2 protein chains.
Amino acid sequence: MESEGQSRAEKSSSSSERRPRVRRNVTVAIAQDICADRYPSGSPLPRENDLCELYGVSRTVIRESLKVLESKGLVRGKPRVGTTVCDRDEWNILDAEVLEWMGPYIKDFDLLGCILEARRTIEPAAAEYAAERASAQEIADLDKAWRQMRDSAGEPESFTDADVMFHTVLLTASHNQVFRRLSSAIHAALQYALHASNIAVENREDAVLVHGQLVEALRMRDKAGARECANRMLDLAVRDLAAAEKAIGRTK
Amino acid sequence: MESEGQSRAEKSSSSSERRPRVRRNVTVAIAQDICADRYPSGSPLPRENDLCELYGVSRTVIRESLKVLESKGLVRGKPRVGTTVCDRDEWNILDAEVLEWMGPYIKDFDLLGCILEARRTIEPAAAEYAAERASAQEIADLDKAWRQMRDSAGEPESFTDADVMFHTVLLTASHNQVFRRLSSAIHAALQYALHASNIAVENREDAVLVHGQLVEALRMRDKAGARECANRMLDLAVRDLAAAEKAIGRTK
DNA sequence: AGGTGGTGAGTTTGGTGATCTTCATCGCGG
DNA sequence: CCGCGATGAAGATCACCAAACTCACCACCT
């Protein structure tokens, strides 16, 4: 019934977490329950008082969490009638936290294709802008990320991190705030694609090669070259995503 | 100097004392104070208890507001030390509410140039995707928006709304969730640019022409034509933004 | 007599304020 | 110079009150 104690919040996982950090945990717990379709889109959430019991916290915390969720478009609270889950295309899917919450469920949103499509559109342009605007520091950072990619032969973890970093810095180096903001989406997509399919080694080698060429093009302020490299990078990304999806489909 | 002390929400200690959307109002009040640089980026906000008095609400409301602000990257609250305003490039500038809060201050963020640049990159691609994916309904909506643009000769208000609607529907019709999410940014930029410079009539006529051609291209599923039209539309947008900035510069 | 509409009780979120807890910081003393 | 406690501010809970929406019931009109 009232489920007592820890219903489902991860307050119990306190082994590493010394601090309570209650509100944050509750927020992600609710968000993930929404992403997992435990609360289907369009239908109402339980009443605030019920949520208190479900997650084992006070109403204040629940309310703060709901406000945050609402501010990101996941739910819509109407005065005196309740909180309902918004339709998915109202979600702020460009918000870093939202993407994080979606985590593994991201593939249920056919977002990966959209992100890849957006990357095909944006990254070549970003590379071109970066070619004329990147600071020495940014080029150095790119180079560092690239070297980390190159050197992390056996470490898929490290390779992924470096790849994500590379693209984030690239977008930053475009010195366009809109592009820069999209790095969280790319981050999420890369994380997934690279994680899901532990990309074949030869693909990785190709990727390292092209990334290196891009850095070189930026260094030379070669706009056309940079764009070209970005395009080739994305051809590889298309291949990787296809591989990842096939891998998932197979394991599924 | 802090000029006056009266930027806050309407505490209206008068008789009727209506208080429906307190939290929302407080949130935008704080957000706008931040945008107005009343709380400069990097420096700490007043203590929560002081904010209670400043905005005339209870601490709970202040805290919920701060959580929302934090969730959009405007501020960062550290446990027991205080809440500090984040650097501007950490803000979630693709969030519709944030854009709304920035409102007139948007020009202080040199965001308009960035958004225009992003549009130059994205809209042609979106138009191309729309050419192959737009539903009949979406094309009808675009046509409706276009007719409203055409027919609102003397009404700049109506023209602006229609223009914003047109571009929003166009991005929606690209059936790419990432592109679609950017409509809020475009909305804000258009709102500003069209509002600031009450665009010359001949520019408006050019715009109507090109928008109409774009609808036609979509109807014909002509990808190249759609892209071409989008490019020409953006050439006009560049001109409008330049005009708007010159107008502002002059009145300033 | 039956349907319509107003009313009032109950429910649920919005908002307030007091209280307790937990730590980061700072100053005092060993 | 270092640690240890006092202080103060944020995190969290609780108990209320206020307002508005729901729903059911009953009276009144046709």
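Just so you know, these numbers come straight off a predicted model, no measurement behind them. So that the names make sense, note that chain A is the first sequence line, chain B the second, and so on, each numbered from 1.
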Open item on the list: Please confirm whether the shortest side-chain N or O distance from Lys78(A) to OP1 or OP2 of dA20(D) is below 4.0 Å.
Closed with: no
TODO: Whole angstrom is fine here: how far is it from CD in Glu70(B) over to C1' in dA10(D)?
DONE: 12 Å
Task: Side chain of Val61(A) - closest among dT13(D), dG17(C), dG14(C) - done: dT13(D)
Open item on the list: Please compare Glu64(A) and Val81(A) by the position of their nearest nucleotide in DNA chain D and report the one closer to 5'.
Closed with: Glu64(A)
TODO: Using whole Å, report how far CZ of Arg24(B) lies from P of dG15(C).
DONE: 12 Å
- [ ] Provide, to the nearest angstrom, the distance between the CG atom belonging to Leu51(B) and the P atom belonging to dG15(C).
- [x] 17 Å
Task: Distance-minimising heavy-atom pair for Cys86(A) and Gly73(A) - done: CB-O, 3.3 Å
Task: Separation of dA9(D) C1' from Arg63(B) CZ (nearest whole Å) - done: 11 Å
Open item on the list: Can you see if the side chain of Arg23(B) gets near the phosphate of dG14(C) - specifically, an N or O under 4.0 Å from OP1 or OP2?
Closed with: no
Task: Rounded distance in Å - CG (Asn49(B)) to P (dA12(D)) - done: 16 Å
- [ ] To the nearest 0.5 angstrom, please state how far the CD atom of Glu100(A) sits from the CD1 atom of Ile106(A).
- [x] 11.5 Å
Task: Short side-chain N/O contact from Arg80(B) to OP1 or OP2 of dT22(C), under 4.0 Å - done: no
TODO: From the options dA12(D), dT13(D), dA9(D), select the nucleotide whose nearest atom is closest to the side chain of Thr60(A).
DONE: dT13(D)
Open item on the list: Measuring from the side chain of Arg47(A) (C-beta onward, heavy atoms only), which nucleotide among dT12(C), dG15(C), dA9(D) has the closest atom?
Closed with: dT12(C)
TODO: Give the intermediate values and the outcome of side chain to side chain contact (heavy atoms under 4.5 Å, CB included) for residues Thr168(B) and Ile186(B).
DONE: CA-CA 8 Å; Thr168(B) 301; Ile186(B) 293 179; over 6 Å; no
TODO: Please tell me which of the listed nucleotides, dG11(D), dT13(D), dT16(C), lies nearest to the side chain of Lys67(B)?
DONE: dG11(D)
Task: Residues, nucleotides or ligands: over 12 heavy atoms within 6.0 Å of Met149(B) CE - done: yes
- [ ] Starting at atom CD of Glu53(A), determine the distance to atom P of dT13(D), rounded to an integer number of angstrom.
- [x] 14 Å
- [ ] Round to the nearest Å and state the distance from Glu48(B) atom CD to dG8(D) atom C1'.
- [x] 13 Å
- [ ] Check step by step if side chain to side chain donor-acceptor pair (under 3.5 Å) holds for Asp141(B) and Gln137(B).
- [x] CA-CA 6 Å; Asp141(B) 290 346; Gln137(B) 181 60 55; 2.9 Å; yes
TODO: Ignoring hydrogens and angles, answer whether the base of dG11(D) and the side-chain atoms of Arg59(B) contain a donor-acceptor pair closer than 3.5 Å.
DONE: yes
